[in-house]
Amino acid sequence: MGKIFKLLGLALVLALGIGLAVVAGDYGPWYFAWLVGTTMIVLIAAAGAVLFDTQEAATSGEA
Amino acid sequence: MPLIDPSVVDLSRMQFALTALYHFLFVPLTLGMTFILAAMETVYVITGKAIYKEMTQFWGKLFGINFAIGVATGLTMEFEFGTNWSMFSHFVGDVFGTPLAIEGLMAFFMESTFVGLMFFGWDRLSKPGHLAITYLTALGSNLSALWILIANGFMQNPQGASFDPVTMRMQFTSFLGLVFSPDAQAKFVHTSIAGFVAGAMFIMGISAFYLLRRQHVALAARSFRMAALFGVISSMAVVTLGDALGRLDYLVQPTKIAAIEGLWQDSNAHSTVAAAPWLLFALPNDATQSNSFEIGVPYLLTPLVTHSENQVIPGLITQERMAGPRILDGIKAVNALQAFGARHDAADLAAFQASEGNMGYGFLAQRNAPNQDLKLITPANQDAIVAQTERDIVPNVFVTFWSFRLMMFLGFYFVALFAFASYYSLRNELMKHPWLLKATMWSIPLPIMATEFGWITAEAGRQPWSVFGWLPTFQAASSHPVGYMIFSLIGFALLYSSFIAAELYLMFKFARLGPQPHHDAPEEPGMSPMFARAAE
Amino acid sequence: MEMFVALKVIWAVLLGVLLTGLAVMVGMDMGVGSMLRFVGRNDAERRVALNIIGPHWDGNQVWFILGGGAIFAAFPTLYATSFSVFYVVMILLLFSMIMRPVAFEYRSKVPGDKWRGTWDWAFLISGALPMIIYGAAFGNVMEGVGFHYSWTGQYFQDESFLSYLLNPFAVMCGVLSLALSLYQGGTMLMLRGEEPIYGRARGFAIGGALVAALLFAAGGFWIAHLNGYAFSAPVDPNMPPTPLTGQSVVVQPGAWMNNYHRYPVLWVLPALGLLGMLGGAAMAALRKPIIGWWLGAIAWIGVIFTTGASMFPFLMPSSSNPDQSLTVWNATGSEYNLGWMLFFALLFTPIIIAYTSWCFYVMRGKVRIGDITKNTHGY
């Protein structure tokens, strides 16, 4: 039961996200760009940190 | 009717500019740091490594010191429209107040409620729960900026409202027109991302300070990496959006773009349209309406501003001449409006409506009319008043020109700095380049300065209008005695300077101190940290 | 009833709701701020008191900002006029309000009696002064304010700021407002604090509630003899919202009681106020802070809606040019604007109430001195 609610909640968030993106893309191209761009900036920064840990593990492995 | 006292208007402008610029010393860090904190915490939740929690909490503490003054000085802004700009509030409150109210409902409540949980809820929420709170705080603070800039977009290019002669104010007519105004859109993205750059530079700069002293290296190297990547994309986006805003100004605020480019004559006056030079350096002289000295790069101006090869950019002197007929027509409009207000006669209304589009120019002439009364304009003094008012449509070119250039040069400097920083951080070679670390550390205040110059460009370039084309700044202020203004200015000066002293003291203290070891036991990287309850 | 008139009335009620929300939520924090130096006799005790409202003061303060924004949008002329006419006190209010966020964030970041003592004084000023000004503003508005408009809609002030600064009725309203905030803050400290803070806060809650009840009753008798305002000719509620034309108003002693004579059912409101105050004092005495807190909210509802019902439809009467008094009919925004604002209010208010309550739920429980010294991310 709890799982179903979680899935439903997730589906709702996704549907809202798509709805928002469609409206923003239609009327406000720059708003849309901000949504996509900010998500990307945050994810790339996070990926950079993960890469740092991998690099560190590799160097300490060599040493 | 008592006359408008120019010194009260000037003091009101000074107070607004000082309080707005002061407020904006703190806002960019809030806009940017919240998202960087969210990125750090995301890595913590995904990998479960305690160092990322430590990073989030350490930078969160510095964020909190900054956030408090941001909130406090924001209160001033919300009240100043009413306390100092009563005519403005009356004239556009019906459309300008709405985004401010929605900001409260949608964004400020969210940001302020969740920021409390962000600081206090570490031990009371699950990891993903706390992460969600951090994201909501970040989203809330940026949504705040969104609604404020929608309101500001209306002042730059009034869309979504029309003037109502019965209530003597602009009335709201289109919600979509207001919210999706191109000015509001480009302004929001430009400003929000400028905040990202400021946040990234702040974190990167302090991390560089630690790296230079070989302190807290694990935290500093990771923070540096994240901030550098965050900043390199943000700084490029900021430049892109700045270009979009310039093109918009060309379309809807020709006086502003001409002032930004120091363009007294049309862009084809001295050479062909295509070869028109873009001024790298110039000394605009507002009194003689010319540049005393200029160095330009040929072939750059037209494509840069118009995104074309053949569109002419009208110079300020041409624009002054073109304003003449509008001023004459505007005087008719305002006189008809006043007559309609007194008698409610249909003929007056018809006369007003015929010239409605130029009403703002009529108000502009009021300052130069005898006794500030347009009805005292006669054929004898008319030409002199119109000529005087023509020159009033030009903003202060020296200020606009230079604040824009300083902002822009800084913007390109940020792109370069973040690019080097990202490159060497990705190669883990930062320690070999202390010059880069030093440059980063000393650059911490620069993005904030750039945003201040941006504000000056946008708002000084908007003059003499408070609502572009409709309401001159001269008419917009409250009818206070000078004494009121001196009282409030002294108070603000005392209060705000003691705040900044306290803020800088605490910032330096805690940045020098660095992250402190926590009382919690170091945690084990669990099997699936994503779903581990926060019992640590 | 026409749509526009309905919207005007709805926004007048919402204005009351906002002013009440502001009074309850911000008033509670202000009350704690004002009594901080007295309920906490040493640094650790004061930090406990601060951390009780610590997670919530910022969210609560948004009521204040929202109040400003909503008046700006829904009653533009009222916003433009009242904030400018009351310039001197508005600026004082602003100065004291902006001290508070900084005081919260900075006070406990540095040890040292001098540093913390200074901020504790800032809490006292930034708690008591805004509440007094808030109440006094109501008092001044009820007495009428000297202003008129030029043909463009620009206001002009017709009296010195001293007349509203030193107005005895307004000062009494200010003290009433401060007393209510002490009562509300006291019950909050009882809710999440332990002895000795609990006992001292209880004293403030009882005292505040009783003083408030006394002043509220006295104010009622005073109002009955005070100059009120009334229309001397019928007014069209559907009129275009402008104070420049369209109404004639007379000043009459006792006119603020007219609505109560016409609709005796309105006496429920002052009764509610008194019930909240007297009941609240009793509940604090019986050590039931939760009921006490809610009775404090009811007391505020009673006080603010009593005032509103007495003045309706007047919002800010002009003593120097009564015909240009601001009313619910002539000071609102346009119909289109009020409609959109209502849409957003209906959309977001439930969401705000939901997450604010959730936030209080997450941070529930007693705050102890031990927690303060251990926790590094509190105040």
Worked verdict on B:Phe91 versus B:Phe163 for ring-ring contact (aromatic ring centres under 6.0 Å, His included): CA-CA 9 Å; B:Phe91 193 81; B:Phe163 184 78; 5.7 Å; yes

Taking every heavy-atom pair that is under 4.5 Å apart, which of C:Ile71, C:Asn60, C:Thr77, C:Val362 has the most such pairs with chain B? C:Val362

Contact winner vs chain B - C:Ala74, C:Pro240, C:Ala70, C:Cys359, heavy-atom pairs under 4.5 Å: C:Cys359

Which atoms of B:Leu75 come close to chain C, meaning under 4.5 Å heavy atom to heavy atom: side chain ones, backbone ones, both, or neither? both

Under 4.5 Å to a heavy atom of chain C? For B:Thr173 that would be backbone

Can you tell me which portion of C:Gln61 sits under 4.5 Å from chain B's heavy atoms? Options are side chain, backbone, both or neither. side chain

Before we go on, tell me: are the rings of B:Phe492 and B:Tyr22 under 6.0 Å apart, centre to centre? no

Is it the backbone or the side chain of B:Phe340 that comes under 4.5 Å from a heavy atom of chain C, or both, or neither? neither

Give me the ring orientation class for B:Tyr484 and C:Tyr87: parallel if the planes are under 30° apart, tilted from 30 to 60°, perpendicular past 60°. parallel

I'd like to know which of B:His480, B:Met87, B:Gln171 tops the heavy-atom pair count under 4.5 Å against chain C. B:His480

Mind telling me whether B:Phe79 and C:Phe64 have parallel, tilted or perpendicular rings, with 30° and 60° as the class edges? parallel

Output field: ring centroids B:Phe96/B:Trp85 closer than 6.0 Å: no

Mutual orientation of the aromatic rings belonging to C:Phe344 and B:Trp147 [parallel < 30°, tilted 30-60°, perpendicular > 60°]: perpendicular

Please verify the inter-ring angle class for C:Trp340 with C:Phe343; under 30° counts as parallel, over 60° as perpendicular, anything in between as tilted. perpendicular

For the aromatic rings, using the six-membered ring if either is Trp, is the centroid distance between B:Phe172 and C:Tyr336 under 6.0 Å? yes

Can you tell which part of B:Phe81 gets under 4.5 Å to a heavy atom of chain C, answering side chain, backbone, both or neither? both

Chain B contacts, top residue of C:Thr245, C:Leu94, C:Leu338 (heavy-atom pairs, under 4.5 Å): C:Leu94

Using non-hydrogen atoms and a 4.5 Å limit, figure out which bit of B:Leu506 sits close to chain C: side chain, backbone, both or neither. side chain

Name the region of B:Ala476, side chain, backbone, both or neither, that has any atom closer than 4.5 Å to a heavy atom of chain C. neither

B:Asn335: side chain to side chain donor-acceptor pair (under 3.5 Å) partners, not counting sequence neighbours: none

Pick one of side chain, backbone, both or neither for C:Met90, based on which atoms fall under 4.5 Å of a heavy atom in chain B. side chain

Mind ranking B:Ala342, B:Ser498, B:Gly491 by heavy-atom pairs under 4.5 Å with chain C and telling me who comes out on top? B:Gly491

Under 3.5 Å, side chain of C:Ser96 to main-chain N/O of C:Leu93, donor-acceptor pair present? yes

Answer with side chain, backbone, both or neither: which region of B:Val92 has an atom nearer than 4.5 Å to a non-hydrogen atom of chain C? neither

Below 4.5 Å, heavy-atom pairs only: which of C:Gly333, C:Ala345, C:Ser334 has the largest tally toward chain B? C:Ser334

When the side chains of residues 104-116 of chain B are checked against the rest of the protein, which donor-acceptor pairs come out under 3.5 Å, sequence neighbours left out?
unit_1, atom_1, unit_2, atom_2, d
B:Glu111, OE1, B:Ser144, OG, 3.4
B:Ser112, OG, B:Phe108, O, 2.8
B:Thr113, OG1, B:Phe109, O, 2.6

So what's closer than 4.5 Å to chain C heavy atoms on B:Leu337: side chain, backbone, both or neither? both

In terms of heavy-atom pairs under 4.5 Å with chain C, which of B:Ile102, B:Leu100, B:Val166 leads? B:Ile102

Interface moiety of C:Trp63 toward chain B, non-hydrogen atoms closer than 4.5 Å: both

